[in-house]
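Note that this is a predicted model, so its numbers are computed, not measured.
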Amino acid sequence: MAPMASMAHQAPSTHSVAFLARRAATALAAVLVLGAAAAPAAYADSASPKKLPDGLYGSKDPQYDGVWRQSLALLAQDTVGVRPAASAVKWLAGQQCADGSFTAFRAEPGKPCDAKTRRDTNPTAAAVQALAALGGHGDAVKKAVSWLKSVQNDDGGWSSMAGSPSDANSTSVVIGALAAAGEKPQSVTSKKGGKTPYDGLLTFQLGCAEKGDGHGAFTFQLKGAAPNADATAAAATGARGKGFVVEPAGKGADTPVKPLNCKDGDKKAGADDPAQAAEAGDGYLVAQLEKNGQHLLSAMPGAEKHPDVGNTADAVVALAAGAHGAAAAKPLKWLEKNSADWAKQSGPAAYAQLVLVAHATGTDPRSFGGTDLVAALNATGPEPAAAAGKDSKDADESKDGGGLGLVWVIGIGLAIGAGIGFLLSSRKKSRL
């Protein structure tokens, strides 16, 4: 869903409902602790709307995550055979700028995007995956992919906002978009240097020279930064050329995870190809899941660590993408027991993320730990044009979801904005 995401993740971010939260926390920590440029959280082109637009999923402020949560909701519905409402699809398609890009949210989509519009690769890549899956939007997908290619960095990767250093989450969600659009990510090369998205992604992986238990993990952005589970989950999926939707490997599929082998005295050893990088990332995730009771942890800077449901979901998808059935089964069981309250509070992107987890693992999304995820997701937006199956009677209880607490996001956004603004102006870089 980080794939973010998770920014990624958020993007997110490959990306989840916690995409913006984790991306914001990671970027803020990088700014405050490392003092270097870090990718910002998603930016909106418009202020909060006085009235929510018709067709939008969730009832909370869409200013920072409107396109992201809409894309995940529509994609999840399509994955389980639900045909979304025409108004919902129209709203998403109408958010696109003339050059093919998307921003987090445009309150006035009829107003042309201009130089002040804060175009963002993460919602653009998410929208590509949704519109490509729904079909009938070939021109919009083509324009969006062209824009993504135009802002590829020299190292082969992407940042959330064009012109800043690449990060693992944004690169991963764009890889997913390219694959969804029928492109071969390995053939999309930077204009200068001819680097592929995989070249850029692997620069963030920590090898055997890393001290501690970070072997195989990915950092979010900066070389030398701490291992980042969110970035690792997104990158392990992206390195396999997969996006938000991962097809189940099949009943009984179970390939053993192969973490980096750092016992042969070669301290420089590490992953040197995408498939190996994905396996190494999965190895790190499995170790962290086992260490923490089959879930991953997240914490705001200075705050106490707590279970990260969204990141755990990303990790399960990453393991499923590698056909690691046994390794995915335990955290999947944890999700089934512990995700209901999180999803109900968080809204459509959370339900969508769990639907995609269920799909990747071959689990029934209509009976996920006692929750009908499909009915709950459908209830957060306009009535689908055609729904597969029967919605549960208590789905309306989930109708207040939106994705993130507005006050929390604004606080983080302002803090990051100040740090990023200072850094970017000091480097005389314009990202917009």
Side-chain angles (χ1 to χ4, degrees), residues 4-5 7-13 15 19-20 23-24 26-28 30-31 34-45 64 67-68 96-106 113-128 143-175 177-178 188-197 199-201 203-204 219-223 225 231 234 238 413-432:
M4 235 282 52
M7 277 194 206
H9 223 61
Q10 109 116 296
S13 211
H15 310 328
F19 166 77
L20 295 180
R23 170 64 67 85
T26 304
L28 178 59
V31 170
L34 300 176
Y43 288 95
D45 184 43
Y64 295 95
V67 169
W68 180 266
Q96 190 173 34
C97 294
D99 62 2
S101 66
F102 286 76
T103 187
F105 171 72
R106 295 170 63 202
C113 300
D114 56 24
K116 295 182 180 180
T117 302
R118 292 164 175 156
R119 296 160 172 82
D120 192 319
T121 64
N122 287 262
T124 301
V128 165
K143 289 173 64 177
V145 169
S146 294
W147 180 80
L148 289 169
K149 290 179 178 180
S150 74
V151 296
Q152 184 178 21
N153 285 335
D154 291 344
D155 63 5
W158 284 266
S159 173
S160 174
M161 299 180 71
S164 282
S166 302
D167 67 77
N169 293 68
S170 297
T171 301
S172 298
V173 74
V174 173
I175 287 175
L178 293 173
V188 178
T189 56
S190 58
K191 295 179 181 179
K192 183 179 180 181
K195 297 293 185 179
T196 73
D199 291 329
L201 189 59
T203 63
F204 302 109
T219 62
F220 168 68
Q221 181 178 49
L222 303 173
K223 194 66 176 177
L414 291 174
I416 295 173
I420 294 293
F422 172 78
L423 291 168
L424 294 183
S425 59
S426 68
R427 295 186 176 198
K428 298 182 179 180
K429 281 189 176 182
S430 172
R431 291 186 50 86
L432 306 175

Around K195, counting heavy atoms of other residues, nucleotides and ligands shown, do more than 12 lie under 6.0 Å from its NZ? no

Minimum-distance pair of heavy atoms, taken over all atoms of [X] and [Y]:
X: S166; Y: F204; result: O-CZ, 3.3 Å
X: L148; Y: A177; result: CD1-CB, 4.3 Å
X: R119; Y: C113; result: NH2-CB, 3.5 Å
X: P165; Y: Q221; result: O-NE2, 2.9 Å
X: A127; Y: V67; result: CB-CG1, 4.2 Å
X: P197; Y: V188; result: CD-O, 3.0 Å

For [X] and [Y], indicate whether the former's side chain and the latter's backbone hold a donor-acceptor pair under 3.5 Å.
X: T117; Y: D114; result: yes
X: S160; Y: D120; result: no
X: S101; Y: C97; result: no
X: S190; Y: D154; result: yes

Quick one about S170 and N122 (side-chain donor to acceptor, distance below 3.5 Å, no hydrogens or angles considered), yes or no? yes

Measuring from atom [atom1] of [X] to atom [atom2] of [Y], what distance do you get when rounded to the nearest 0.5 angstrom?
X: T171; Y: D199; atom1: OG1; atom2: CG; result: 11.0 Å
X: R118; Y: R106; atom1: CZ; atom2: CZ; result: 14.5 Å
X: L201; Y: I175; atom1: CG; atom2: CD1; result: 5.0 Å

Set out, in order, the CA-CA distance, both residues' side-chain angles and the distance that settles side-chain contact (heavy atoms from CB on, under 4.5 Å) for W158 and T124, then state yes or no. CA-CA 12 Å; W158 284 266; T124 301; over 6 Å; no

side-chain contact (heavy atoms from CB on, under 4.5 Å) evaluation trace for L178 with V145: CA-CA 7 Å; L178 293 173; V145 169; 3.9 Å; yes

